[in-house]
Amino acid sequence: MPRNHTSNLLIIWILVTALHSASSAALGQGASSPTDAASLARQILDDGRAEADRKRIVADNPQLSLPLLKALVADMPAADSKEEYRRIPWIWRVTVAAGKRNQIEELKAIVDFCVPPMTEPLRDWQAVGLGGGVINGIGLSGGWPDERIRAIVAGNPDLIQRWKRLLKEAAVMADNQKVFKGTRYDALRILGVDSWNHRGAQLFRYLVKGVDDELQQGAIGGLSDMRSPCVAQAIVSGFSHYDPENRGFALKALLRDRDRTFLLLEAIDAGTIKAADLGSERLAILINNSDSSIRERARQLLGGGAN
């Protein structure tokens with residue numbers, strides 16, 4: 001065989017191999033393994049490493065979300081809250097990234113792993129991973145967490161029962177003043193996947209004046225995910241005493257569907273919410289809304305300054 005022909009074949013083989021490797025990596029196949037996840041978890045938990053480098057490990061390895069999560073909680077003593085909370089920020093980063101991707105098969109495995117067995121209590125890292133991670137991430141992606149969770153647990157009787165118990169455990173944790181405030185926020189987010197009849201009153205209690213801002217934010221987030229005609233009025237009821245950040249979360253929740261948006265416009269008309277509270281982006285959403293009824297009502301109240 002001529003030498004140049006042999007060289008050409010070698011070049012073609014190299015290119016095909018490289019393309020196959022790149023394709024596998026893009027699909028998360030053969031690029032890494034659970035063994036790699038254990039090594040990566042050690043790097044993530046190495047406080048001597050730059051935080052940016054540790055965050056990059058999470059971002060660069062979506063295909064390892066479950067093995068990485070398992071490695072991050074491996075050998076974590078149940079009684080060592082200091083070590084648990086050292087790891088929790090990284091558990092959150094893995095789970096919220098998975099929630100944002102909102103891929104059913106990935107989330108099935110993560111939810112199944114994070115929901116405790118029937119005989120074990122809800123641990124703080126599990127509440128963070130599910131409430132602040134998976135559920136929050138699904139919402140950030142534009143999805144409705146209750147719909148996604150129903151799809152995740154469907155056909156899995158064991159997980160269905162564990163999820164029902166989880167909701168009860170989260171309700172207790174949310175009200176437990178001995179639990180770290182940030183984790184109580186995550187428990188409140190879990191309750192948003194339940195119904196108004198079950199948990200609406202509990203979430204509403206955290207909207208009243210004088211409640212800590214972070215817990216109030218958890219309740220707003222939980223109610224934002226909860227589908228009920230009662231939600232919008234509950235969120236509006238405390239608007240005057242929310243801090244600026246929580247007002248933003250409240251407005252985002254009120255713009256989430258058609259009925260809530262109409263109630264927002266009613267609140268503006270009544271003076272409960274001021275046009276100045278909206279900001280230019282939300283104002284534009286209202287007066288340029290694709291729903292003609294919302295658009296016309298918004299322009300009556302707010303003018304038609306955005307095009």
Side-chain angles (χ1 to χ4, degrees), residues 78 81 84-85 88 91-92 95-96 99 107 110-139 143-154 156-235 237-238 242 246 249-250 253:
S81 61
E84 184 175 9
Y85 273 88
I88 273 177
I91 293 167
W92 172 78
T95 52
V96 77
L107 291 180
I110 288 176
V111 169
D112 189 43
F113 177 69
C114 288
V115 178
M118 293 294 287
T119 56
E120 295 182 12
L122 174 63
R123 293 185 62 179
D124 290 16
W125 74 262
Q126 293 166 323
V128 173
L130 291 166
V134 170
I135 290 169
N136 181 34
I138 292 169
W144 288 93
D146 63 330
E147 287 182 357
R148 210 46 157 168
I149 294 299
R150 281 197 298 272
I152 286 168
V153 304
N156 187 336
D158 172 67
L159 184 55
I160 289 172
Q161 292 305 310
R162 286 190 289 130
W163 184 265
K164 289 179 179 178
R165 178 177 175 272
L166 167 76
L167 293 173
K168 296 178 181 178
E169 293 273 302
V172 173
M173 179 180 280
D175 289 345
N176 187 348
Q177 295 184 15
K178 294 181 180 180
V179 174
F180 180 64
K181 188 169 59 178
T183 304
R184 292 176 67 191
Y185 163 98
D186 296 315
L188 290 165
R189 293 303 305 266
I190 292 173
L191 298 185
V193 182
D194 208 337
S195 68
W196 173 267
N197 288 342
H198 283 155
R199 299 300 169 195
Q202 182 176 3
L203 289 171
F204 181 74
R205 283 194 283 107
Y206 286 89
L207 300 184
V208 302
K209 189 173 183 179
V211 170
D212 176 85
D213 291 335
E214 186 172 4
L215 295 176
Q216 206 156 68
Q217 186 178 124
I220 292 169
L223 286 168
S224 175
D225 290 336
M226 187 176 280
R227 246 82 78 85
S228 166
C230 302
V231 162
Q233 189 59 60
I235 291 174
S237 68
Y242 297 155
N246 283 347
F249 284 112

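All values below come from the heavy atoms of this structure, side chains included, with hydrogens, waters and symmetry mates left out. Counting from 1, the numbers follow the sequence of the chain as shown.
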Filter on side-chain hydrogen bond (donor to acceptor under 3.5 Å, both in side chains), then keep only pairs touching residues 122-133, sequence neighbours left out; what's left? Tyr85-Asp124
Run the side chain to side chain contact (heavy atoms under 4.5 Å, CB included) check on Ser237 and Phe204 step by step: do they pass? CA-CA 10 Å; Ser237 68; Phe204 181 74; 3.4 Å; yes
Are Trp163 and Val193 side-chain neighbours, meaning at least one heavy-atom pair lies under 4.5 Å? yes
For Asp213, which residues count as a salt bridge (charged side-chain N to carboxylate O under 4.0 Å, His left out) partner, sequence neighbours excluded? none
Least distance between heavy atoms, Arg199 atom then Asp194 atom: CG-OD2, 3.4 Å
Find the distance between CG (Leu203) and SG (Cys230) and round it off to the nearest 0.5 Å. 12.5 Å
Not counting sequence neighbours, which residues clear salt bridge (charged side-chain N to carboxylate O under 4.0 Å, His left out) with Lys181? List them please. Asp212
So how far is it from Met173 CE to Leu122 CG, rounded to the nearest 0.5 Å? 4.0 Å
Kindly give the heavy-atom pair with the smallest separation between Thr95 and Val128, and that separation in Å. OG1-O, 4.5 Å
Can you name the salt bridge (charged side-chain N to carboxylate O under 4.0 Å, His left out) partners of Arg148, sequence neighbours left out? none
Worked verdict on Lys209 versus Gln216 for side chain to side chain contact (heavy atoms under 4.5 Å, CB included): CA-CA 9 Å; Lys209 189 173 183 179; Gln216 206 156 68; over 6 Å; no
Any donor-acceptor pair under 3.5 Å from Tyr242 side chain to Ile235 backbone: yes
To the nearest 0.5 angstrom, please state how far the CG atom of Asp175 sits from the CG atom of Leu215. 9.5 Å
Could you measure the distance from the CD atom of Glu214 to the CZ atom of Phe180? Nearest 0.5 Å is fine. 6.5 Å
Value rounded to 0.5 Å, distance of CG in Asn176 from CD in Glu169: 11.0 Å
Could you pull out the closest heavy-atom pair between Pro116 and Pro121, with the gap in Å? CB-O, 3.7 Å
Using atom types as modelled and distance alone, determine if a side-chain donor or acceptor of Tyr206 lies under 3.5 Å from a backbone N or O of Ala174. yes
Quick one: list whatever passes side chain to side chain donor-acceptor pair (under 3.5 Å) with Asp158, sequence neighbours left out. Arg162
Between Arg165 and Thr119, what is the shortest heavy-atom contact and its length? NH2-C, 4.3 Å
Without placing hydrogens or testing angles, list every side-chain donor-acceptor pair under 3.5 Å for residues 217-227, not counting sequence neighbours.
unit_1: Gln217; atom_1: NE2; unit_2: Asn246; atom_2: OD1; d: 3.1
unit_1: Ser224; atom_1: OG; unit_2: Arg256; atom_2: NH1; d: 2.9
unit_1: Asp225; atom_1: OD1; unit_2: Arg256; atom_2: NH1; d: 2.7
unit_1: Asp225; atom_1: OD1; unit_2: Arg256; atom_2: NH2; d: 3.3
unit_1: Asp225; atom_1: OD2; unit_2: Arg189; atom_2: NH2; d: 3.1
unit_1: Arg227; atom_1: NE; unit_2: Asp146; atom_2: OD1; d: 3.4
unit_1: Arg227; atom_1: NE; unit_2: Asp146; atom_2: OD2; d: 3.3
unit_1: Arg227; atom_1: NH2; unit_2: Asp146; atom_2: OD1; d: 2.9
unit_1: Arg227; atom_1: NH2; unit_2: Asp146; atom_2: OD2; d: 3.3
unit_1: Arg227; atom_1: NH2; unit_2: Glu147; atom_2: OE2; d: 3.1

Roughly how far apart are Asn136 CG and Leu130 CG, rounded to 0.5 Å? 12.0 Å
Can you name the closest pair of heavy atoms from Ala170 and Ile190 and give their distance? CB-CG2, 3.8 Å
Hey, is the main chain of Gly132 close enough, under 3.5 Å, to the side chain of Trp92 for a donor-acceptor pair? yes
I'd like to know whether Arg184 forms a side chain to side chain contact (heavy atoms under 4.5 Å, CB included) with Gln177, so could you lay out the CA-CA distance, the side-chain angles of the two residues, the decisive distance to 0.1 Å, and finally the verdict. CA-CA 8 Å; Arg184 292 176 67 191; Gln177 295 184 15; 4.0 Å; yes
